[in-house]
Amino acid sequence: MGRQDAPTTIVILCHLPRGTTAAETAGLRHSANRAGVPVSWVAETAEFDGICGQIAGSAGTSDEAVLALDEASLGSRPSLRKALTTARKTRPDLTAVVAAADLTMDHRSLLVAEGVATACLRRFDDLGRGSRRPAPQGWHCRSMLWGLWEVTVSPWPTTGRMLPWSASPIGPRGSLRVIEIGRGVDRGNHSPRSRLDQLLALVQQRCVRGQLQAARLSDLPDLLSGGGRSRTGSVLTAA
């Protein structure tokens with residue numbers, strides 16, 4: 001299958017900030033499970049244990065907890081190790097993290113040693129060297145160290161429309177889009193639940209048509225090893 005025929009891959013990151021109630025989390029999860037679309041739920045260290053408890057035992061298969069690393073956590077190797085160790089007490093299978101704000105990764109080797117395989121950033125830092133492993137065309141990601149893929153959040157539109165592809169096609173076939181809900185990029189009068197519901201409806205429709213495949217953040221290394229295409233044909237089925 002050529003890249004022009006491959007579906008666009010979408011990863012939905014839904015941030016659950018401090019103060020998110022169990023009822024609000026349950027409502028968001030219900031929307032995702034009803035649509036049958038995988039969502040990666042993102043929480044910082046202080047909320048991570050509670051969020052994991054709220055998404056545990058789901059009847060669906062779309063739930064994944066992702067740790068958001070703040071400036072203090074990324075400031076040094078000891079602070080990063082502490083944040084990861086704390087999160088692993090609740091989620092031993094943690095393999096994906098998100099860097100808060102415009103922070104970059106300075107301790108990649110520690111992430112790899114701790115079993116983290118995917119790191120999502122707002123931007124790449126300039127290290128003056130290329131990726132060790134090639135990524136599929138249209139996938140804005142790189143591997144500066146074996147065992148770790150870095151990927152950036154897809155830019156939001158400047159038109160004021162809610163969805164990045166609302167005024168145009170979903171983008172080049174075979175490309176990757178990482179969409180955030182519930183963080184600073186998610187502005188306006190719409191609640192995270194409202195935005196997520198609209199996004200899930202569109203994703204579900206496009207997946208049925210074969211234009212999209214939806215994945216969790218932690219699925220990306222396996223997809224990248226397969227050139228951006230799930231070996232089973234549908235990440236929705238494999239997730």
Side-chain angles (χ1 to χ4, degrees), residues 6-17 20-43 51-66 68 91 93 95-96 98 118 120 139 151 153-157 161-183 185-220 222-223 228-239:
T8 298
T9 298
I10 184 170
V11 173
I12 301 174
L13 303 178
C14 187
H15 290 257
L16 301 174
T20 302
T21 66
E24 290 170 336
T25 302
L28 292 165
R29 290 177 57 240
H30 176 71
S31 293
N33 289 333
R34 181 181 58 195
V37 174
V39 173
S40 297
W41 308 105
V42 185
I51 294 302
C52 287
Q54 292 170 21
I55 70 173
S58 170
T61 59
S62 62
D63 289 333
E64 170 185 55
V66 174
R91 202 78 175 199
D93 59 344
T95 61
V98 172
T118 312
C120 183
W139 284 51
V151 60
V153 174
S154 302
W156 281 67
R161 304 289 293 272
M162 188 198 80
L163 298 177
W165 51 76
S166 55
S168 63
I170 58 178
R173 297 294 293 245
S175 64
L176 170 69
R177 297 200 66 87
V178 179
I179 306 299
E180 287 188 310
I181 298 290
R183 196 156 78 162
V185 295
D186 185 28
R187 300 184 178 93
N189 297 323
H190 297 281
S191 67
R193 173 73 181 274
S194 174
R195 287 184 180 273
L196 184 62
D197 282 342
Q198 294 179 60
L199 180 57
L200 289 170
L202 179 59
V203 170
Q204 182 185 43
Q205 181 185 70
R206 300 291 175 89
C207 284
V208 170
R209 295 177 182 175
Q211 298 170 321
L212 277 179
Q213 64 175 355
R216 299 166 298 186
L217 189 61
S218 63
D219 292 327
L220 292 184
D222 283 342
L223 286 173
R229 180 66 176 169
S230 170
R231 295 184 181 87
T232 60
S234 171
V235 178
L236 286 175
T237 301

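One is the number of the first residue; the rest follow in order along the sequence. Every heavy atom of this structure was used, including side-chain atoms; hydrogens, water molecules and symmetry mates were not.
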Legend entry - Heavy-atom closest contact (Gln204 atom, Arg34 atom, distance):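 In terms of heavy atoms, the two residues are closest at NE2-O, 4.2 Å.
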Inset, instruction - State whether the side chain of Ser154 and the backbone N or O of Val178 hold a donor-acceptor pair below 3.5 Å, judged by distance alone. - result: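 Looks like yes, one N/O pair under 3.5 Å.
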Inset, instruction - Report yes or no: does Asp219 contribute a side-chain atom to a donor-acceptor pair with the main-chain N or O of Arg216 at less than 3.5 Å? - result: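 Yes; judged by distance alone, with no hydrogens or angles, the pair exists.
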Side-chain touch [X]/[Y], heavy atoms, less than 4.5 angstrom:
X	Y	result
Pro7	Leu212	no
Asp222	Leu220	no
Leu176	Thr8	no
Leu223	Gln213	yes
Leu217	Val151	yes
Gln198	Leu196	no

Distance check, rounded to the nearest 0.5 Å: [X] atom [atom1] versus [Y] atom [atom2]?
X	Y	atom1	atom2	result
Ile181	Trp41	CD1	CH2	10.0 Å
Arg177	Thr9	CZ	OG1	12.0 Å
Ile12	Glu180	CD1	CD	12.0 Å
Thr21	Leu16	OG1	CG	10.0 Å
Cys14	Leu200	SG	CG	8.5 Å
Gln205	Cys207	CD	SG	10.5 Å

Inset, instruction - Could you tell me which residues satisfy side chain to side chain contact (heavy atoms under 4.5 Å, CB included) with Ala43, sequence neighbours excluded, listed by chain and number? - result: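 Expected list: Glu47, Phe48, Ile51.
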Inset, instruction - Using the test side chain to side chain donor-acceptor pair (under 3.5 Å), find all partners of Thr25 that sit at least two apart in sequence or belong to another chain. - result: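 With neighbours one apart ignored, the set is Gln54.
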Inset, instruction - Could I get the full list of side chain to side chain donor-acceptor pair (under 3.5 Å) partners for Thr20, not counting sequence neighbours? - result: none
Legend entry - Step-by-step side-chain contact (heavy atoms from CB on, under 4.5 Å) determination, Arg91 to Ile55: CA-CA 11 Å; Arg91 202 78 175 199; Ile55 70 173; 4.0 Å; yes
